[in-house]
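What you see is a predicted model; the values in this text were computed from it and never measured.
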Amino acid sequence: IMAVPPVAAAKVPCRPGSGTGTIAHSKTARIFEDYATGNDYACSYSSGRAHYLSSSEHYTYPLVRFAGPYVAFVMSIEVNEDHIGVMNLSTGRLHNYAEVSPIKEAGSECSGTPVCYVTCPEVGSLALKSDGSVAWIATNFLGGNCISPPGPVIEVRCHDRRGTVVVGSGKGIDPTSLRLSGSLLRWKDAGASKSASIL
């Protein structure tokens with residue numbers, strides 16, 4: 001969980017104004033940049049309290065979803081996805097999740113070790129329930145420092161009361177196809193419809 005910076009987040013205005021720039025928003029909440037501090041914050045309009053996310057100098061948010069008192073986002077640094085974040089906007093409590101499993105290439109040299117674990121994930125879709133459960137599809141590409149890369153891994157993941165679980169994987173999954181209806185996740189795999197429950 002990220003710490004609140006020295007500038008107290010509570011003093012940063014929650015609602016849009018001349019001193020801030022909205023990054024993503026819903027009718028009840030937003031993620032925004034505070035021009036005075038150079039930091040990014042998230043808040044719900046009902047509480048009026050801004051919660052620190054990151055330094056806006058380094059991070060972007062290519063995917064953001066709001067549901068209930070929660071916001072979920074993909075946090076990226078210098079065009080590389082960093083992690084999935086879910087914040088409770090009532091409390092400011094933030095949880096981070098790894099997008100995808102590392103690709104293991106046995107028998108190669110990677111930083112002087114006999115096994116290469118290289119991840120360069122890209123999240124194609126994101127879904128959020130109003131209780132804070134979250135799901136996403138991510139593709140994991142190998143970097144150029146591995147010999148004979150095995151190819152991308154695509155996973156459908158969710159974090160719910162079971163913890164973080166992989167509910168689908170395969171090279172045929174459409175990374176942008178994830179949909180959430182109630183507690184049912186749906187996605188496309190090689191043109192076929194797949195589904196799983198998010199608890």
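- Remark: side-chain polar atoms of Arg179 are not paired, donor with acceptor, to backbone N or O of Leu185 under 3.5 angstrom.
- Screening residues 159-182 for ring pair (Phe, Tyr, Trp, His ring centres under 6.0 Å) gives Tyr97-His159 as the qualifying pairs, with residues at least two apart or on separate chains.
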Got a list of side-chain donor-acceptor pairs under 3.5 Å for residues 187-194, not counting sequence neighbours?
none

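- The disulfide bond (SG atoms under 2.5 Å apart) contacts involving residues 12-45 comprise Cys14-Cys43, where partners must be two or more places apart or lie in separate chains.
- Remark: side-chain polar atoms of Thr91 are paired, donor with acceptor, to backbone N or O of Arg93 under 3.5 angstrom.
- Screening residues 129-140 for salt bridge (Lys or Arg N to Asp or Glu O under 4.0 Å), with sequence neighbours left out, gives Lys129-Asp131.
- Panel note: side chain Ser26, backbone Ala29; a donor-acceptor pair is recorded below 3.5 Å.
- With hydrogens and angles ignored, the 3.5 Å screen pairs a side-chain donor or acceptor of His51 with a backbone N or O of Leu89.
- Without hydrogens or angle criteria, Ser133 side chain to Ile198 main chain gives no donor-acceptor distance under 3.5 Å.
- Not counting sequence neighbours, the partners of Arg162 by the salt bridge (charged side-chain N to carboxylate O under 4.0 Å, His left out) test are Asp160.
- In this view, Thr176 and Asp174 satisfy the side-chain contact (heavy atoms from CB on, under 4.5 Å) rule, not counting sequence neighbours.
- The backbone N or O of Pro62 sits nowhere less than 3.5 Å from a side-chain atom of Thr60 that would complete a donor-acceptor pair.
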